Protein chains: 2
Amino acid sequence: MVMNSEQDESCLVCRLRYYIDISDRDERLLRKLEENQISIAAKADLNAQDNIDSLFVVKSGWLYSYVDLDETSRQVLRIHYPGDVVGLTDVAMQESFGTVKAATKAVLCPFPKKHLDDIFTQSPRLTALIFSLGMLEQVVLMDRLKIIGRMSAVDRVAHFLLEIHARLKIHAPKDVDGEFDIPLTQEAIGDAIGLTNVSVSNALTQLEFDGYLRCNKRRVTFREMEKLKEKINFKDRYFKIDTKWFPDA
Amino acid sequence: MVMNSEQDESCLVCRLRYYIDISDRDERLLRKLEENQISIAAKADLNAQDNIDSLFVVKSGWLYSYVDLDETSRQVLRIHYPGDVVGLTDVAMQESFGTVKAATKAVLCPFPKKHLDDIFTQSPRLTALIFSLGMLEQVVLMDRLKIIGRMSAVDRVAHFLLEIHARLKIHAPKDVDGEFDIPLTQEAIGDAIGLTNVSVSNALTQLEFDGYLRCNKRRVTFREMEKLKEKINFKDRYFKIDTKWFPDA
DNA sequence: CGATATCTTGATTATGCTCAACGACAGTGG
DNA sequence: CCACTGTCGTTGAGCATAATCAAGATATCG
């Protein structure tokens with residue numbers, strides 16, 4: 001993605017506008033979060049030490065956070081897409097949980113925790129939205145818990161791909177319609193859903209054999225998406241949230 | 001737990017006070033959440049339909065939320081203790097995610113989503129705290145993801161018990177010192193960490209054999225807690241949160 | 001073009017699941 | 001008070017799924 005020098009494009013504002021109207025005043029609050037930006041190369045770790053006390057808005061690229069268990073084992077916790085705020089979970093803690101790695105080259109906007117204050121004190125409506133999106137993230141984690149804890153390897157991979165598709169569909173609808181590029185190695189996918197790269201590969205072969213989808217060169221193409229959703233009882237969590245109870249602007 | 005007719009005891013206020021000072025004004029806001037209360041029998045499901053649009057403060061008892069995958073399989077997502085707010089994750093969504101079941105008989109205080117408004121609009125400081133505790137919950141979910149995705153059955157059980165101990169230690173320190181009662185069947189424990197009741201039983205036998213702990217009649221007694229924590233690299237997430245950036249009262 | 005990372009496939013192994021039987025225990029009603 | 005019932009926990013035998021190990025094929029990147 002190309003930077004717009006007029007700062008006319010804010011992924012974050014754009015993302016939030018999907019859910020509620022954003023007043024000019026609120027928009028100014030949000031743009032303050034994107035005043036600075038840094039670039040990061042693909043496969044590089046985001047060094048939290050350099051940016052302690054910082055949160056990040058993702059302007060472009062994919063990232064993911066993970067924890068290492070030992071030399072040979074890690075768990076990928078979350079995928080971060082453009083418009084996401086990275087590091088909110090560290091807000092609560094003094095030390096950071098896991099590491100953030102760039103899956104592609106990426107541009108981030110760092111901002112200090114203190115800027116959350118401004119939002120909390122000045123815009124109850126934005127606060128409610130950010131809070132709700134945090135809860136939505138929790139729901140996604142719980143879905144992940146469910147698939148890792150209780151589903152077969154094939155179903156886990158299917159669910160994971162459908163989840164990504166659902167998410168992209170909202171925030172990059174033009175690029176995504178039954179197919180999308182996934183800049184993750186099969187090892188990273190496995191680390192996200194509790195499998196080895198070998199099992200992921202086998203699962204993809206199986207899904208293709210069964211006619212549900214095709215995955216080639218990091219491009220996923222669904223063939224029978226509805227049938228697949230039904231088979232694994234997939235629910236799209238991203239589509240809408242309940243904003244009726246939000247404070248007025 | 002006995003109700004105090006003077007309403008002098010609020011689990012929620014007490015819980016939150018652990019982390020920050022609560023002003024009288026904020027305390028009144030919080031007490032509004034506990035104006036009503038309902039009782040629920042052990043093993044009963046909390047019928048969300050009856051209480052749509054409602055959140056609950058847990059006054060006493062243990063509960064847990066879960067989702068069914070099919071007739072034979074479910075995933076337990078979260079354990080709820082006194083002082084917890086149940087249903088926050090549903091705030092974001094129009095339909096509720098999973099079911100809440102009482103593990104013991106329990107007393108809950110239902111309140112409408114709208115009351116969150118009052119907090120968001122009137123107390124940025126409480127808002128920041130509630131937000132942070134939400135993030136803390138996410139961290140706990142990510143820990144769970146890690147153990148389910150990447151740890152052996154024995155280590156999962158050990159981690160799960162240590163997590164509960166850490167949580168109780170903060171909110172019921174008198175009752176908990178290296179041992180505690182756990183009102184969960186082995187089946188429920190298994191459903192929380194992706195195992196069968198059989199594997200949980202075997203894991204407990206193994207942990208006892210190795211001298212780490214003893215579990216009898218739903219009472220857990222640690223023998224070598226520090227050694228166990230080290231063995232599985234356990235981190236206590238509940239101990240403290242970063243409140244430095246919070247807005248002032 | 002060479003070097004490395006990633007993906008595929010097959011053989012073998014291990015971990016945890018399923019199924020089943022039994023024992024301990026709590027709650028119930030006669 | 002006691003048989004009856006159902007829930008819960010334990011144990012063992014056999015099985016299934018995914019992990020490990022390894023080799024080769026393909027893709028990516030400088």
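Each chain gets a letter, A, B and so on, in the order the sequences are listed, and its residues count up from 1. Just so you know, these numbers use all the heavy atoms, side chains as well, and skip hydrogens, waters and symmetry mates. Note that the coordinates shown come from a computational prediction; the quantities given were computed from them, not determined experimentally.
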A:D84 meets the salt bridge (Lys or Arg N to Asp or Glu O under 4.0 Å) criterion, sequence neighbours left out, with A:R15, A:R167
Residue set satisfying ring pair (Phe, Tyr, Trp, His ring centres under 6.0 Å) with A:F234, at least two apart, ordered chain then number -> A:H159
Footprint ends on DNA chain D, 5' to 3', for atoms under 4.0 angstrom from a heavy atom of chain B, come out as D:dC8 to D:dT11
Applied to residues 182-210 of chain A, the ring pair (Phe, Tyr, Trp, His ring centres under 6.0 Å) test, sequence neighbours excluded, yields none
Taken to the nearest 0.5 Å, the spacing of B:C11 SG from B:E34 CD works out to 6.5 Å
Shortest non-hydrogen pair, B:A106 vs B:L63, comes out as CB-CD1, 4.1 Å
Here the pair of heavy atoms bringing B:C109 nearest to B:Q37 is SG-CB, 4.0 Å
Taking five pairs at each terminus, the helix from C:dT8-D:dA23 to C:dG30-D:dC1 shows an axis bend, to 10°, of 40°
Expected list for residues 140-164 of chain B near DNA chain C, using heavy atoms below 4.0 Å, is B:S152, B:A153
Residues in residues 204-223 of chain B with a heavy atom under 4.0 Å of DNA chain C, by number, are B:K217
Here the pair of heavy atoms bringing B:A203 nearest to B:V157 is CB-CG2, 3.7 Å
Ordered by number, residues from residues 184-196 of chain A within less than 4.0 Å of DNA chain C (heavy atoms) are A:T185, A:Q186
inquiry  = Classify the ring geometry of A:F222 against A:H165: parallel below 30°, tilted from 30° to 60°, perpendicular beyond 60°.
reply    = perpendicular
(message) Could you go through B:D236 and B:K169, starting from their C-alpha distance and side-chain angles, then the distance that decides it, and tell me whether this counts as salt bridge (Lys or Arg N to Asp or Glu O under 4.0 Å)?
(response) CA-CA 10 Å; B:D236 185 345; B:K169 189 87 176 150; over 6 Å; no
Please check if atom CG in A:D45 has more than 12 non-hydrogen atoms from other residues, nucleotides or ligands closer than 6.0 Å.
yes
#### Entry: Any donor-acceptor N or O pair under 3.5 Å, side chains A:R78, B:Q138
yes
Result for side chain to side chain contact (heavy atoms under 4.5 Å, CB included) between A:R156 and one of A:V200, A:I189, A:I193, A:L161 points to A:I193
field: Cationic N near anionic O, under 4.0 Å, A:K235 to A:D143
entry: no
Residue pairs meeting salt bridge (charged side-chain N to carboxylate O under 4.0 Å, His left out), one or both in residues 62-77 of chain B, sequence neighbours left out, come to B:R74-B:D191
task = Flag the pair B:T221 / B:C215 as yes when at least one side-chain heavy-atom distance between them is below 4.5 Å, and no otherwise.
result = no
In the 5' to 3' direction, the nucleotides of DNA chain C bounding the stretch that comes under 4.0 Å of a heavy atom in chain A are C:dT6 to C:dT9
Those residues at least two apart in sequence (or on a different chain) that pass ring pair (Phe, Tyr, Trp, His ring centres under 6.0 Å) with A:Y81 are A:W62
Classify A:V198 by what it touches in the nucleic acid, base, sugar-phosphate, or nothing, heavy-atom distance under 4.0 Å. base
Is there side-chain contact between A:V85 and A:F56, with at least one heavy-atom pair below 4.5 Å? no
Taking the side chain as every heavy atom from C-beta outward, state whether A:L69 and B:M151 have any pair of such atoms under 4.5 Å apart. yes
query = Is the shortest side-chain N to carboxylate O distance from B:D181 to B:R218 below 4.0 Å?
reply = no
Fill in: Side-chain donor-acceptor pair present, B:Q206, B:D210, cut-off under 3.5 Å
yes
Under a 4.0 Å heavy-atom cutoff, the residues of residues 63-71 of chain A touching DNA chain D are none
